[in-house]
Structures are given as structure tokens and as C-alpha cells.
Amino acid sequence: MTLTLYNTLTRRKEPFEPIDPKNVRMYVCGPTVYDLAHIGNARPIIVFDVLFRLLRHLYGEQHVTYARNITDVDDKINARAVERFPEMPPTEAIRKLTEETTAQFHKDIAALGVLPPTVEPRATDHIAEMRVLCDELVANGHAYVGEDHVLFAVGSMPDYGKLARRSLEEMEAGARVDVAPYKRGPMDFVLWKPSKPGEPSWPSPAGIATPGRPGWHIECSAMAGKHLGNVFDIHGGGIDLVFPHHENEIAQSRCAHGTSVMANVWMHNGFLQVEGEKMSKSLGNFVTIKELFDEWRGYSWPGQVARFAMLGTHYRQPIDFSQDALDQASIALSGFKTWAADIPGASPSREFMDALSDDLNTPRAIAELHRLSQLAQRGVHEQTDRMTKPGAMLEKLEASPAAQLSASLSFLGLDMESYDRNWVQNQSRLSISEEQSAKIAQLISARLAARKAKNWAESDRIRDELAAMGIQLKDGKDPQTGEAITMWEVKR
RNA sequence: GGCGACGUGGCGGAGUGGUGACGCAGCGGACUGCAAAUCCGCGUACGCCGGUUCAAUUCCGGCCGUCGCCUCCA
């Protein structure tokens, strides 16, 4: 089994070869903590969590370092902090905002079954490293100072634009931004900028007297360099980050460290839409992770359902996040829950691992889940037959489809232990009042009596009456006594 | 305007130069007094127009459509 990953740098799938198998290093761009994380934010977090699990499986838990940052210095943060806590001094307001948002982020993604990364560096803890990068870049001629800003000189790097596959000329020709007077080249970008009064500020690098704060891209270069080294294995994020964020990270890091690459493999997940439309606040279809758990479209969705729905589409494809997708995920998980058996020592099936190893082909892996589930069902039926015969023996339990199914689900980070396969029905019942509930129970016992008397007309009439109330009946037998019992649920 | 991605059956969604993954829905059957649930079975789809090829959904070119990036954005 060889791990193959699609590399944005080469636009090809390539066999993955770590620089050091004893220390495989991956960096993923984490959130800017100014507001609740939304389901678009959740996609890379989930996708790279799966990759993290796969890498740990392949190289050993102790041999993988996964860094995912928290960006807690940013203009949006400053603006939001003042807006939300106008009574506080700005620096205090900013700390309160970033701490609260970070805590909620951790809560949200934990519910999505996401493992904590090995390190989760914060931008504000790495200001010194950013200053050093600025100094180095100015010293070696890749950056310059203008009006108390430090700017990266894009023209000083011959292959700037390689990741995004754009040439400087075409970018400059198509540029729609006004060029600030302190820029030498129109595409030059800010590494450090002066702070206005009230804004967070730190002593500036490159001999600038005015206190300042970092630009957007520098924090990732600083944190990745510190925790993973000047060159590491995998760098991931959303496809919208390819340009300018990742391109600029590459420029800063490579020019500061004098390396030919920053990371060997660059991975990008596709964009997310909601019900076929771009997710935006103005369209009113903005969905936060927290909202999904609290209430979205009438349900509070289990984290497993959201996670599974997200993995149903290959990570590089655009994904349409919809209620229909969540419903289908929920149905599939309920089926798996029924047939999976948690057997110690079990492993995911070969095909499952092969699918994941093929550039994280989660849809193919999920197809394998369905196959195992089907085999498990058949196995149960066959076993029931065999159990009735003397000498029936269960062999190789840990290699059984039910065990493999369970292990595969667990590998994907889907906690089936806590997943309630009847969660939809149970939630629906919450909307039924006490009186309705009593009425339903009364009708059901009347119908049972009618059925006992083989009065099918009356029995069916009652079922229709309940159906008109939106109640679906399910007849069955008590497994112990064999007595007829009737369950009900709210029709969807 | 520049750059890029995508367009597969009713829906979702893999994949492949030549035997139609997988799921949902639907249909048929088993079970049931009848249903529901469950189980079994059933599907000749790859945006359009050209080209390459013995053979293209799969490769190449053009067109159309959707989306993204170029400014903050996962």
C-alpha cells in the first residue's frame, strides 16, 4: 500500500515520500479567530484530520507532527473586538474575543471527531519569529522598508507565482488594486505594517521606530518554520488560499531560508457551497458548525453525520453541503451502526485502506463500508442458521466484515459508540406534546385490541387516523414473549 | 479582462481508452391480515460539436454552462 497524494505544485498525484519517516511533518492553515467557525472552515479541518490519522497509521503515532495554527492577530479581529466589546480597552477586547472564539472552535471541531493536532501555535506567540523573518528578508534583499512598512519584493524571486501558475506580468496586467505609494512593485505585499493608536502593536523589525503588527501571510511562515523546520512534507488548506496566501508564504519562507521549496507537497481542498449556492451572509445561507449542532433545518445534527457527509465527496471536488446530503449520511450511519461489531484487534479492510491511500479517496472508502455492512448482514443471517446446528463456531471474529466495518468507521474518526441510530425519530418525538403522546398510545392499544380480534377494518382505520397525524406505525413482536407490539415514529 | 477547477443515471457521488463503483429515491419479490421496517433482486448515465483511435464518458481542440481565485475569505 503506497500513499499517493495530489500535489498542487505539480498538478499530479505523486507517491508520498517523507523527508524523514521518523518525523513526518504537516502544516495546515487554521482559523482566524474573529467569529464562529462555519462549515466551510470545517472541511479542511476534517479532511486533514483524516490525513493525519492515515499518516499516524503508516508511520506511527510518535512519528507524525501536525501543526495547525490559530491566527489571533488580524484586522478583522481588531474591528470585531471593538464592535463587540466597546467598553473595554482594545487590547483586552481583542484577547477576550480571540480566547472565546478559540474555545468555541475547539468545542465545535471536537464534536466533529477531529483529533487535536500535535501543536497548535498561536500567531501572537510568534511575533519574535516574524520579526526575525522580516529582518532576514530585508538583509538578503528580498524585502525593503517603505513608510514604516516592510514589503516583500516579489520581483526578487524568479519563480514567484509557481504554485498558482501565474506569471508576474499577467498578474500585474490584471491587477485591480491601487498601488500604495510605498510599494516598489504593484504585487509586492506587506510583511509588517505600522499600528494605529489603539491597535495591537509590537516593536518593529528592520530598524523601524514606529511600533507595528504583522501582515497576513508572515505568521504561517514563522510558525511553520519554528515547529516543522525550513522544509517539511505537507502543507494544506483551502483552494482559495493558493493565491495569494500560500504563494506568499512560499516566497517568504524560501527567500528567508534560502531553500528551493517550503513544503514538498501542497494540498488544497475544494470549495464548499450550501444547497447549490455560495455560502454568504447576504444570501442568508451561512451555516456555522455550532448552528448545525444547535438547530439547523429543524434538527440538531450529530457531529458524526456532518463529518460523514463531508467525507462523501472527494476532498478536491467542490462540495454541495445540503440537508439532503445530511439525511443520506444519517441513513447510512444508522445502517452501519446496526451491523458493525467492535471487536478488539480488528483492522480496516484492505480495500478501505487502499482507497484512503489513493489521495484520500473517501467516497471509494465509503463504498467499501457499504460492502462490509452488507457482508456483515449476510454473515449474521448465516450465523443464525449455523447457531441452530450443533457445533457451530465463530471463526476469526476480528477478521469478520462486522469487525472490519467497525474498525474502518473508527479509522475515519466516526465515533459509532455514541451515535444513536434512531436520533432522527427521537428528536422528532420531542416535538410531540404530552397530550398527543397519550392520544397516540391510546389509539395504538385500541388498534392492538382490534388486531387481536382480527378486526382489520378498524385496525386499518386507526392506522390511517394516526397517519393523518403524521405518525408512522411499525408492527413487531417482543423478542422474548413473542407478543405483538407496535412502535411509532414521526413521519419525515 | 487574466488564471484555474468542475459539468456522470431522478438525486448524491467514484472511476475508467474496450465487461455501467457505491448510496438515496424508484420498481419487482420475500416477510406481513394489509402496511411500515427489514431482507433479496433490478439501472446500458457520462454538457455540446469536432478530432485522434479498431474502440472515447475516459486523450486532444473548440463551444456552452456552473463555480472559484486575481481584494478579506477554508
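Sequence lines set the chain letters: A, B, ... in the order given, protein chains first and strands last, and positions in each chain run from 1. On a predicted model such as this, the values are computed, not experimentally measured, just so you know.
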Item to check | Selected nucleotide, minimal atom distance to A:Trp339 side chain, candidates B:C11, B:C34, B:C39 | outcome: B:C39
Item to check | Proximity to the side chain of A:Gln472 - top-ranked nucleotide from B:G33, B:A36, B:G23 | outcome: B:A36
Item to check | Spacing of A:Gln374 atom CD relative to B:G41 atom C1', expressed in whole Å | outcome: 11 Å
Next on the checklist: Using a distance-only criterion (donor-acceptor N/O pair, under 3.5 Å, no hydrogens), is the base of B:G12 paired with the side chain of A:Gln328?
Outcome noted: no
Checklist entry - Atom CG of A:Leu168 and atom P of B:G2: how far apart are they, to the nearest Å? => result 18 Å
Next on the checklist: I'd like to check A:Pro181 versus A:Glu147 (side-chain heavy atoms, cut-off strictly below 4.5 Å). Are they in contact?
Outcome noted: yes
Could you list all N or O pairs between the protein and nucleotides 64-69 of chain B that sit under 3.5 Å apart?
unit_1: B:C69; atom_1: O2'; unit_2: A:Arg166; atom_2: NH2; d: 3.2
unit_1: B:C69; atom_1: O2'; unit_2: A:Phe243; atom_2: O; d: 3.4

Item to check | Residue of the set A:Ile70, A:Asn41, A:Thr102 for which side-chain contact (heavy atoms from CB on, under 4.5 Å) holds with A:Pro31 | outcome: A:Ile70
Item to check | B:G15 versus B:G51 - spacing of their P atoms, nearest Å | outcome: 29 Å
Checklist entry - In whole angstroms, how far is the C1' atom of B:A14 from the CG atom of A:Asp358? => result 10 Å
Item to check | Parallel, tilted or perpendicular: rings of A:His235 and A:Tyr27 (30°, 60°) | outcome: tilted
Next on the checklist: Rounded to whole Å, how long is the line connecting atom CG of A:Leu326 with atom P of B:C11?
Outcome noted: 20 Å
Next on the checklist: Starting the side chain at C-beta, find the nucleotide from B:A74, B:C24, B:C6 nearest to A:Gln317.
Outcome noted: B:C6
Checklist entry - Quick one: the side chain of A:Arg463 and the base of B:A35, do they pair up donor-acceptor inside 3.5 Å? => result yes
Checklist outcome for this item: Of the candidates B:C22, B:A74, B:G13, the side chain of A:Pro363 sits closest to B:G13
Checklist entry - Donor-acceptor pair under 3.5 Å: do we get one between A:Ser322's side chain and the base of B:G12? => result no
Checklist entry - Expressed in angstrom and rounded to an integer, what is the separation of A:Ile331 atom CD1 from B:G13 atom P? => result 16 Å
Next on the checklist: Under 4.0 Å, heavy atoms only, any strand: does A:Gly237 hit a base, just the sugar-phosphate, or nothing?
Outcome noted: sugar-phosphate
Item to check | Ring-face cation contact, A:Phe48 with A:Arg68, 6.0 Å cut, 45° max | outcome: no
Checklist entry - Within the structure shown, what part of the strands sits under 4.0 Å from A:Asp74 by heavy-atom distance: base, sugar-phosphate, or nothing? => result nothing
Next on the checklist: Could you tell me how far apart A:Glu247 (CD) and B:U71 (P) are, to the nearest whole angstrom?
Outcome noted: 13 Å
Next on the checklist: Looking at A:Arg213 and A:Asp75, is any side-chain nitrogen of the basic one under 4.0 Å from a carboxylate oxygen of the acidic one?
Outcome noted: yes
Next on the checklist: Can you confirm whether A:Tyr66 sits close enough to A:Arg25 that some side-chain heavy atom of one is under 4.5 Å from a side-chain heavy atom of the other?
Outcome noted: no
Checklist entry - Rounded to whole angstrom units, what separation is found between the CD atom of A:Glu368 and the C1' atom of B:G23? => result 14 Å
Checklist entry - Dot-bracket for RNA chain B, 5' to 3', with Watson-Crick and G-U pairs under 3.5 Å, [ ] for crossing pairs and | for other-strand pairs: what is it? => result (((((((..(((.....[...))).(((((.......)))))....(((((..]....))))))))))))....
Checklist entry - Does some side-chain heavy atom of A:Ile289 sit less than 4.5 Å from a side-chain heavy atom of A:Leu36? => result no
Checklist entry - Between B:G33, B:A74, B:A14, which one does the side chain of A:Arg364 approach most closely? => result B:A14
Checklist entry - Which part of the nucleic acid, if any, lies within reach of A:Leu241 when heavy atoms closer than 4.0 Å are counted: base, sugar-phosphate only, or nothing? => result sugar-phosphate
Checklist entry - For the pair made of CD1 in A:Ile45 and C1' in B:A74, what is the distance, rounded to whole Å? => result 8 Å
Item to check | Cation-aromatic face contact A:Lys76/A:Tyr34, 6.0 Å, 45 degrees | outcome: yes
Checklist entry - Side-chain donor or acceptor of A:Asp320 under 3.5 Å from a matching atom on the base of B:G12? => result no
Checklist entry - If you check every side-chain atom of A:Gln377, which of B:C6, B:G33, B:C39 has the closest atom? => result B:C39
